[in-house]
> 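Encoded as structure tokens, here's the structure I'll be asking about.
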Amino acid sequence: MARKTIFVYEFLTGGGLLHGAAATSSINSPFAEGRLMADAIAADFAHATNCDVVGMRDLRMCRGDSSGSIAWHHVLTAAEERQTFCLLASQADWTLVIAPEFDGLLANRYRMAQQAGGKLLNASLLCLELAADKQRTCEHLSGCGVPVPRGIALHAGTLRQQLPPDFAFWPAVLKDRYGAGSQHVQRLETSADLPDTMPCDCRLEEYCPGVPVSVALLCGPAQRLALMPCRQSLSDDGRFRYQGGCLPLDDERAARAEQLAMRAVDCLPDPRGWMGVDLVLGDSAAADRVIEINPRCTTSYIGLRQAYRGNLAAAMLTLAAGGTIDPQSLQPRKLQAGEIAWSVSSTAAHDAA
């Protein structure tokens, strides 16, 4: 079998900040989180049969970074970052792009790789652009019969003037329509809490109580496979900042989460590679809601790779290339509820004490 070269690019660690992206000051996912995720995925590809792995590092923050099994290319300027990205994408058999959706960062990197002749280990551009718009995502899923929070779109500027008099979904959650990483997210108890103005287009939606859960799916044209659902740890200050997670869930909740996540992904245009679905599990299945879609590798990877003896990156590659796998070939570990836990401030997933 011919060897394949996999190019793993993670925006925060790979030099994306050299371009001075306008929204970088409000990225809640820290650099360490991005580095941990990129390291884990690159390492798993490197351990896969017949795979060579290349990646990029911002020399300002990753000085001296090296690995015998991964060829890291260090960059120091925006021009060097763009040139290196295009070169590696053109030379690799597959390119995996991990970047925030806001400001079109993920979609723009997708286009850059595609224009360079790269083959993307990501969902289609149509899928990325749909998922980046929280209002469109909810409208699309609702039209497919997938339950989502009821909500409305508000334009940047004065919000109070746009609020319909019959909006009655309180408490509500206000979020950046095109945001990522809990940007501008806040819980509002009543209409009096609505900010006078916002610098971005927003979505205002009903608050859905319950257990916050994420489900990752490995997707390809011939098969879609849901991995163990993870319970999310979110800040309790009304901002819902992601702090980490744990797995597995109890069997009943896990089954509900998997089924709902699969329904959501089945509605999307050409989901491929790693797809993350954030949802809330209510008191019953009738109260479960899909909150948003992340069409890229997510931080839960660092915990999920500990829950399986098989290689998740290799399985993702097989499915994206059009193949199929026996789910049991991933060898899921037998775990007690919440046995594996991780936080965005830690350096690895660990067995919970």
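Hydrogens, waters and symmetry mates play no part in the numbers below; they use all other heavy atoms, side chains included.
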> Looking at Val148, Val211, Val215, Asp288, which hits side-chain contact (heavy atoms from CB on, under 4.5 Å) with Leu279?
Val215
> Can Gln135 and Arg203 be counted as having a side-chain donor-acceptor contact under 3.5 angstrom?
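Present: a donor and an acceptor within the cut-off.
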> Are the side chain of Glu339 and the backbone of Gln336 linked by a donor-acceptor contact shorter than 3.5 Å?
yes
> Under 3.5 Å, side chain of Ser142 to main-chain N/O of Glu139, donor-acceptor pair present?
no
> Give a yes or no on whether a salt bridge exists between Asp58 and Arg60, defined as a side-chain N under 4.0 angstrom from a carboxylate O.
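Looking at Asp58 and Arg60, the cut-off is met.
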> So which atom in Tyr308 and which in Leu227 form the shortest heavy-atom distance, rounded to 0.1 Å?
OH-CA, 3.5 Å
> May I ask whether Val265 and Val290 are part of the same hydrophobic cluster, defined by side-chain heavy atoms of I, L, V, M, F, W, Y residues being less than 4.5 angstrom apart, directly or through others?
yes
> Using only heavy-atom distances, determine whether the side chains of Glu81 and Tyr9 contain a donor-acceptor pair under 3.5 Å.
yes
> For residues Asp93 and Thr5, report the shortest heavy-atom separation together with the two atoms involved.
OD2-N, 2.7 Å
> Return the minimal non-hydrogen interatomic distance between Glu129 and Arg136, and the atom names on each side.
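Answer, listing the atom of Glu129 first, then Arg136: O-NH1, 3.8 Å.
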> Would you mind telling me which of Thr77, Leu76, Val75 makes a side-chain contact (heavy atoms from CB on, under 4.5 Å) with Leu18?
Val75
> State whether Tyr207 and Arg187 meet the cation-pi test: NZ (Lys) or CZ (Arg) under 6.0 Å from the six-membered ring centroid, and within 45° of the perpendicular axis.
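Yes, a cation-pi geometry.
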> Checking Glu10 against Thr13: is there a side-chain donor and acceptor pair closer than 3.5 Å?
yes
> So, Thr299 versus Glu33: side-chain donor-acceptor pair below 3.5 Å or not?
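Distance-only check passes for Thr299 and Glu33.
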> Does any non-hydrogen side-chain atom of Arg272 lie less than 4.5 Å from one of Pro221?
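Touching, per the 4.5 Å side-chain cut-off.
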> Under 4.5 Å between side-chain heavy atoms, hopping through other hydrophobics if needed: is there a path connecting Leu335 to Ile302?
yes
> Pairing donors with acceptors under 3.5 angstrom, does anything connect the side chains of Tyr301 and Asp44?
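The answer is yes; a qualifying pair exists.
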> Is the shortest distance from a Lys or Arg side-chain nitrogen in Arg224 or Asp266 to a carboxylate oxygen in the other one below 4.0 Å?
yes
> Any side-chain donor-acceptor pair under 3.5 Å between Ser191 and Trp170?
no
> Give a yes or no on whether Ile293 and Leu121 share a hydrophobic cluster (residues Ile, Leu, Val, Met, Phe, Trp, Tyr; joining criterion: side-chain heavy atoms under 4.5 Å apart).
no
> Under a 4.0 Å N-O cut-off, is there an ion pair linking Glu205 with Lys134?
no
> Is atom CG of Asp283 surrounded by more than 12 heavy atoms (other residues, nucleotides or ligands) closer than 6.0 Å?
no
> Please name the pair of heavy atoms, one in Ala307 and one in Leu247, separated by the smallest distance, quoted to 0.1 Å.
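Heavy-atom minimum between the residues: CB-CD1, 3.6 Å.
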> In the structure I gave you, are the side-chain heavy atoms of Glu258 and Met228 within less than 4.5 Å of one another anywhere?
no
> I'd like to check Arg35 versus Asp39 (side-chain heavy atoms, cut-off strictly below 4.5 Å). Are they in contact?
yes
> What's the shortest heavy-atom distance between Leu225 and Leu319, and which atoms?
CB-CD1, 4.4 Å
